[in-house]
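Notes follow the structure.
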Amino acid sequence: MQDAPQSQAHGATASPVELNTPQAEAVAHVGGPLLVFAGAGSGKTRVITYRIANLVARERVPPWRILAVTFTNKAAGEMRARLERPDLLGPVARDLWVGTFHATCAKFLRLYPEAIDRTKSFVIYDTTDQKAVVTRVLRDMNLDDRRYSPKSVLARIHKEKQEGRGPADMHLDSYLDDAIQKAYTRYEAALKAANALDFEDLILSVVRVLEATNDGSFPAEVLRARDALEKKFDYILVDEFQDTNQIQYRLLKRLAARTKNLCVVGDDDQSIYRWRGADVRNIRYFRRDWPDAKVVKLEQNYRSTKNIVSSALAVIAPSPTREPKELWTDKDHGSQIRVIACADERDEGACVVRAIRDARDAGISPKEVAVFYRVHAQSRVLEEALRSVDIPYQIVGGTKFYDRAEVKDALSYLRVLVNPKSDVDLLRIINTPPRGIGHTTVERLATYATTQQLSLFEALGRLDDFAEDLGSAARKRLGQFRELMNLLMSEAKDRPAAEVLRILLAKSGYKKALEDEDTAESEGRLENLAELEGSMSDYETEAEARGEAPTLEGFLERVSLVSDTDKLGDVEKVTLMTIHGAKGLEFELVLLTGMEEDMFPYRNQEPRSPEEMEEERRLAYVAITRARQHLIVTHAKQRQIFGTTRLGVPSRFVGDLPADAIEHLETAAARAAGASGRWIDRDSMAAATSWRSRPASTTPSPSWRRPGGGGSNEQVTPSEWGAGPAAWRQGAAPPGRRAPEPGERFVDYDEAQDAQDGVELRRGSKVVHERFGRGEVMKLVTAGEPAVVAFFPGWGEKKVLARFLKLG
DNA sequence: AGCTGGCGGGTTTTT
DNA sequence: CCCGCCAGCT
């Protein structure tokens, strides 16, 4: 054991930037374990990057002996970019190991593939591939697929792997598990035969290497890999530690065993991935595992207004198990949190549109606006609302580029070229495009391969041995396919990846099949393939810039480990995403939609367990803390989802918001619905007591009937959101709109109902004003009594009380 | 071989 | 309601 480099750092920042006291402490702490509780918006990334810079610049730690682990590739890229800036480390930062758990492990395993019974060309199976393997395994075992669905079996295998157990030592909880254990064993064998690893394997295999003992039961190459890895890193930093699972933490403990220089940064309040194996206890019990750990809490929020911070705290406060900490900010209170009742999901969509337009008119760039929802199913209606008024948006999540069928096909071709043993990939392409190799033929090939213990590709090479089982046409076609693949393999040698793709698309007939199809859809597919080719070229450029040789293997690994959502972002569009997708991001304006019981907190069937409910609460905390200046929360009185209509009671999280930070509003349609009394189920209402007890005065109830009479005008006051230039679709700016003012009712002009009260004014109504002359109503508002915002040529947009207007 | 309609199932998602 | 999968038909 050798001690890691140590010395005292005085006021240790690597460059003259202000850090607050706890931030500076975290940066300066050098020897031994460090736990940083980093509240939302508390400058966590700054602490990590400065800490690394400090280690390299002051403590003289060689950069290649520092490992920084992040949760996503995007986070890794951003961290590296920051460190490479001249005010931090500059080009030296390139030698740092910065990456996700998976990418880091894959990088290491490529160096020592023999230690895990693979070759260096091993492929990484994604969820679809894994499912295909499990499906085959279960079919081979003739298992009842109602009891043993591929999905559930795979989920179980993942769970075992995440907790570090192989087939031999998996937990057997019920009689059903015996079959699962057999399936797990076969699954592992199939992956090994295919020279493939799944995501969990990347981590688990490295842990196995690190845990190898000298008792003679491990081959020399495993021990060699272990020794190399044990010595590899002097300092380890982990971001988003609250989202690590057991096996990841075990990996960290092993990697840091020699030096104890393990720094973990996270926020237990933002732990939202329990359902996929994250264990919040890793961060909560870190001090127990590392009694010497220095603990720092970053509690000053630099991101949000007081109203937002106090709302977030109010939502998370009821959580009984959290690490005590107080987020605070010295910013202003800012605007009130708006809680808007909508009639239904369409009304909510209209309301979102309204809010986005108001934001735009207040000078907020669309990329600073995000719309959150709990489940993707909510996005469709919101999309429709935005599309119908030409508001540009991007959706994060949903179907990904690399999941498109044509992209997967192309990648399967490429993977077979690199790793012919990959049966899943071969099965995908053997008859794609259609080349007359049907199910029966494939089954016969597979049967032969299984009995001879060969991969499908190897079996193809011995066609003659089982030709008697095949028709002559089938035989011929398999032969042609084999020739095609052999040709492609020889063509692929020493060629840039993008060129290999071009060749294979041409020679396989894939491109021609799409061209012949000649539909809008096939055209889109061709475009996607062109994009794939583009991303391969990009990869080559990047690899060369890093001084690495670009290889097809390298590209395929990147595809496996990098999601395309990683590169979403810097466009002038509103972002729509689930709250999970929003972790780590921040926006000027956040619209949090669907805030009803059973939507958020989400509930499918059974009541949620307390643990699940706590995670929902943390999710709400994450959502709120994404907002810098403005937060709008919407809920609908009824909602169509999954084909049924649900009645909506405002979420308990809405009830938790502090009264002095929020204002309650409702759309006209919601008010109409409320007045009719049809939609609110009294018992459900009683459940949301804090909601019901809210004073009636917070939701005044104006009438839209236009009274007669005359008097003075009411001018439009400057928007509370500030009046910056509208940076939206240039040239298409509609007549300006402003944000509602405090206390103003938020009634959507699109939805303003006139039937109820015999309203005569509506959006688009032509009106005459004594002073301003003829104008057009832009929207209905209230100023203690019915009013409108109307556009008067020569005067501009004015807010005037309805009673001063005549229809014209 | 390939299409079509019926059926079941539908948090959240990165890697 | 919307999607993906499978069986059964053409």
Side-chain angles (χ1 to χ4, degrees), chain A residues 69-76 99-107 124-132 135 139 145-146 149-152 155 158 161-162 197-204 240 243-245 247-248 271-278 345 372-381 384 396-400 402-403 405 431-442 473-474 477 557-566 577-584 594 598-606 608 612 615-616 618-620 622-623 639-646:
Chain A
V69 185
T70 60
F71 200 61
T72 64
N73 289 291
K74 187 179 175 194
T100 62
F101 277 102
H102 295 87
T104 303
C105 288
K107 187 171 168 186
I124 299 164
Y125 273 3
D126 68 13
T127 313
T128 316
D129 305 326
Q130 295 161 24
K131 211 175 137 207
T135 305
R139 215 169 269 171
D145 60 2
R146 298 226 326 276
S149 71
K151 207 184 146 194
S152 66
H158 284 156
K161 288 190 176 186
Q162 280 163 7
L197 295 174
D198 66 19
F199 292 125
E200 257 50 83
D201 285 336
L202 292 169
I203 301 182
L204 185 52
E240 307 280 12
D243 286 322
T244 53
N245 62 31
I247 194 71
Q248 289 165 341
S271 168
I272 56 176
Y273 285 106
R274 195 186 92 95
W275 50 275
R276 68 179 205 212
E345 75 281 357
F372 296 165
Y373 34 81
R374 178 65 180 81
V375 297
H376 275 302
Q378 290 166 260
S379 72
R380 218 188 77 246
V381 180
E384 280 165 10
V396 177
T399 307
K400 294 168 197 147
Y402 292 117
D403 282 345
N431 197 34
T432 316
R435 48 173 72 92
I437 302 175
H439 250 278
T440 326
T441 309
V442 171
R477 284 164 180 160
E557 174 159 319
R558 191 173 89 145
V559 169
S560 306
L561 297 179
V562 177
S563 75
D564 39 271
T565 53
D566 283 344
M577 61 182 144
T578 63
I579 302 160
H580 285 90
K583 196 175 76 159
D598 293 353
M599 281 305 294
F600 191 14
Y602 188 86
R603 186 172 71 132
N604 207 8
Q605 289 174 353
E606 290 81 44
R608 304 192 72 97
E612 286 173 321
E615 182 141 317
E616 294 292 311
R618 295 194 293 263
L619 202 49
V622 168
R639 177 181 301 275
Q640 286 214 11
I641 190 124
F642 299 133
T644 52
T645 301
R646 295 187 187 180

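Quick note on labels: first sequence line is chain A, next is B, and so on, each numbered from 1.
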What N/O pairs connect the protein and nucleotides 6-8 of chain C at under 3.5 Å? Give each pair on its own line.
none

Mind checking what makes side-chain contact (heavy atoms from CB on, under 4.5 Å) contact with [X], not counting sequence neighbours?
X       : result
T244(A) : F101(A), V238(A), F241(A), Q248(A), N282(A)
T645(A) : Q638(A), Q640(A)
T441(A) : I437(A), L470(A), A474(A), L478(A)
Q162(A) : H158(A), E200(A), N245(A)

Open item on the list: Run the salt bridge (charged side-chain N to carboxylate O under 4.0 Å, His left out) test against D129(A) and tell me which residues pass, sequence neighbours left out.
Closed with: K408(A), R415(A)
Task: Listed partners of R603(A) passing salt bridge (charged side-chain N to carboxylate O under 4.0 Å, His left out), at least two apart - done: D598(A)
Task: Options dT12(B), dT14(B), dC1(C), nucleotide nearest the side-chain atoms of T72(A) - done: dT14(B)
Tabulated below should be each protein N or O lying under 3.5 Å from an N or O of nucleotides 1-3 of chain B; please produce it.
from   : atom 1 : to      : atom 2 : distance (Å)
dA1(B) : OP1    : G436(A) : O      : 3.4
dA1(B) : OP1    : G438(A) : N      : 3.0
dA1(B) : OP2    : G438(A) : N      : 3.3

- [ ] In whole angstrom, give me the gap between the C1' atoms of dT12(B) and dC5(C).
- [x] 23 Å
- [ ] Compare the aromatic ring of W275(A) with the six-membered base ring of dT12(B) and state whether they stack according to the 5.5 Å and 30° rule.
- [x] yes
Open item on the list: Going by side-chain hydrogen bond (donor to acceptor under 3.5 Å, both in side chains), name the residues that satisfy it together with K131(A), two or more places apart in sequence or in a different chain.
Closed with: none
Presence of [X] side-chain N/O under 4.0 Å of [N] phosphate oxygens OP1/OP2:
X       : N       : value
N73(A)  : dT15(B) : yes
H376(A) : dT13(B) : yes
R276(A) : dT14(B) : no

